[in-house]
Amino acid sequence: MIRTRQLSYHYPNGPALSFPDVDVTQGAVLLLSGPSGCGKSTWLALIAGLVLPSTGDLTVANQALGALNNVAADAWRAGAIGFLPQKLHLSAALTVQQNLALSFWASGQPEDPARIKAALQALGVHDLALRKPAQLSGGQAQRVALARAVLLAPRVILADEPTASLDDEAAADAVGLLLRTAKQHGATLVIATHDARVAKLIPTDEQGQARFHSLKLVRPSNPLSAL
Ligand code: ADP
Ligand code: MG
């Protein structure tokens, strides 16, 4: 679940962004859309507890984020949030399997090879376990990054521009995969995108459900944002 109230984030040398309140129940899907620069990635960073809001408060996966210091936020994030960043940030020197193992280390848990195998299998990339990221196609790398995101059974999955630079077919695969994976885990899913194709790729019956939310952000009117 994600609940925000009067959230804003002021970049020290940039725009002051304010965000509409949301109430997203556990297991629901939120499509976060709007033009480039409207604050989607910033909102994701707030939800992941990577930055603290300038004003307002938020509760994510039953945790009030204002109450956490940096160390506690890191530990919470490692278990509660599955992040699929726009740039995948797979370590080039490590194999696919080792990249997933890093998540266990980051969360202070002992590495569990069986869980790594299961996560890769669920996304159809287990045969790539011993490859390095440079030996993967874009779509394969994204599947690996999604396997890493859901490895520790997060309550919330945040996907930042998951269809950027994908052709129509790959974009449809990526969105379908995110929806299926989130559903399997009972996780709340946020897809942040400026890509108008994404709304059309989420099935109409899915969009008709009470568990589907759409939040459209607009570019801040603050003249600083144009700098
Ligand atoms: P989106 O993901 O919707 O494209 P962002 O959240 O990345 O939008 O950015 C929102 C606004 O904040 C933009 O105007 C961007 O230029 C600005 N911004 C982002 N990061 C910084 C930063 N580190 N310092 C100053 N301004 C920033
Ligand atoms: Mg962005």
Side-chain angles (χ1 to χ4, degrees), residues 1-25 28-61 64-66 73 77 81-89 138 142 145-146 149 156-168 170-172 174-176 178-179 182 187-204 206-227:
M1 52 74 72
I2 300 171
R3 179 182 185 275
T4 70
R5 290 295 177 268
Q6 314 241 311
L7 268 196
S8 74
Y9 188 78
H10 298 202
Y11 281 101
N13 296 307
L17 304 166
S18 36
F19 300 101
D21 293 350
V22 300
D23 279 283
V24 183
T25 52
V29 176
L30 172 66
L31 177 62
L32 178 67
S33 59
S36 186
C38 68
K40 301 179 298 296
S41 295
T42 304
W43 193 84
L44 295 180
L46 288 164
I47 299 307
L50 288 164
V51 295
L52 287 175
S54 305
T55 67
D57 44 51
L58 70 167
T59 304
V60 180
L65 295 194
R77 184 184 318 108
I81 300 288
F83 211 111
L84 185 65
Q86 184 169 3
K87 290 188 180 137
L88 301 176
H89 298 302
Q142 195 179 43
L146 184 56
V156 178
I157 299 171
L158 305 174
D160 198 0
E161 305 285 0
T163 60
S165 75
L166 298 182
D167 64 30
D168 289 354
V175 172
L178 279 166
L179 292 170
T188 307
L189 172 65
V190 180
I191 302 180
T193 187
H194 72 273
D195 181 349
R197 294 176 301 174
V198 173
K200 298 180 195 124
L201 290 171
I202 298 176
T204 332
E206 183 92 38
Q207 298 199 29
Q209 305 279 322
R211 57 190 284 281
F212 179 80
H213 306 260
S214 174
L215 178 63
K216 290 194 173 82
L217 300 180
V218 292
R219 277 208 195 89
S221 51
N222 184 335
L224 269 178
S225 65
L227 296 177

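- For T4, there are no side-chain hydrogen bond (donor to acceptor under 3.5 Å, both in side chains) partners two or more places apart in sequence or in a different chain.
- Here Y9 pairs with Y11 under the ring pair (Phe, Tyr, Trp, His ring centres under 6.0 Å) rule; sequence neighbours left out.
- Rounding to the nearest 0.5 angstrom, the gap separating the CG atom in L201 from the CG atom in D168 is 8.0 Å.
- Taken from CG in L215 to CD1 in I2, the straight-line distance is 10.0 Å, to the nearest 0.5 Å.
- Closest of all the heavy-atom pairs between L158 and A48 is CD1-CB, 3.9 Å.
- A73 is linked by a side chain to side chain contact (heavy atoms under 4.5 Å, CB included) to L68, R77, counting only residues two or more places apart in sequence or in another chain.
- The side-chain contact (heavy atoms from CB on, under 4.5 Å) with V190 is formed by just one residue from the set L30, I157, D160; it is L30.
- With hydrogens and angles disregarded, no donor-acceptor distance shorter than 3.5 Å links the side chain of R219 to the backbone of G34.
- In this structure, L58 and I47 have side chains that are in contact, with non-hydrogen atoms separated by less than 4.5 Å.
- A heavy-atom distance below 4.5 Å is not found between the side chains of L31 and V29.
- Residue P220 comes nearest to A16 through the heavy atom pair CB-O, 4.0 Å, listed as atom of the first residue, atom of the second, then distance.
- When all heavy atoms are compared, the tightest approach of G56 to P53 is O-CG, 3.9 Å.
- Other residues, nucleotides and ligands contribute at most 12 non-hydrogen atoms within 6.0 Å of the NE2 atom of H194.
- Sorted by first and then second residue, the pairs that involve residues 46-60 and meet side-chain hydrogen bond (donor to acceptor under 3.5 Å, both in side chains), not counting sequence neighbours, are S8-T55.
- With sequence neighbours left out, the side-chain hydrogen bond (donor to acceptor under 3.5 Å, both in side chains) criterion links E206 to R211.
- When side chains are defined from C-beta on, L17 does not count as touching L217, because their heavy atoms never get closer than 4.5 Å.
- For A170, the side chain to side chain contact (heavy atoms under 4.5 Å, CB included) test picks out L166, D167, with sequence neighbours left out.
- For residues 35-54, the set of pairs meeting the salt bridge (charged side-chain N to carboxylate O under 4.0 Å, His left out) definition, not counting sequence neighbours, comprises K40-E161.
- No donor-acceptor distance shorter than 3.5 angstrom exists from the side chain of Q207 to the backbone of S214, with no hydrogens or angles considered.
- Enclosure of atom CD in Q6 is not indicated, since only 12 or fewer non-hydrogen atoms of other residues, nucleotides or ligands lie within 6.0 angstrom.
- Applying the side-chain hydrogen bond (donor to acceptor under 3.5 Å, both in side chains) criterion to D195, with sequence neighbours excluded, gives T163, R197.
- Looking only at side-chain heavy atoms (C-beta outward), F19 and T42 come within less than 4.5 Å of each other.
- Under the side-chain hydrogen bond (donor to acceptor under 3.5 Å, both in side chains) criterion, R5 pairs with D23, sequence neighbours left out.
- In this structure, the side chain to side chain contact (heavy atoms under 4.5 Å, CB included) partners of P162, at least two apart in sequence or on a different chain, are L84, Q142, A159, L178, I191.
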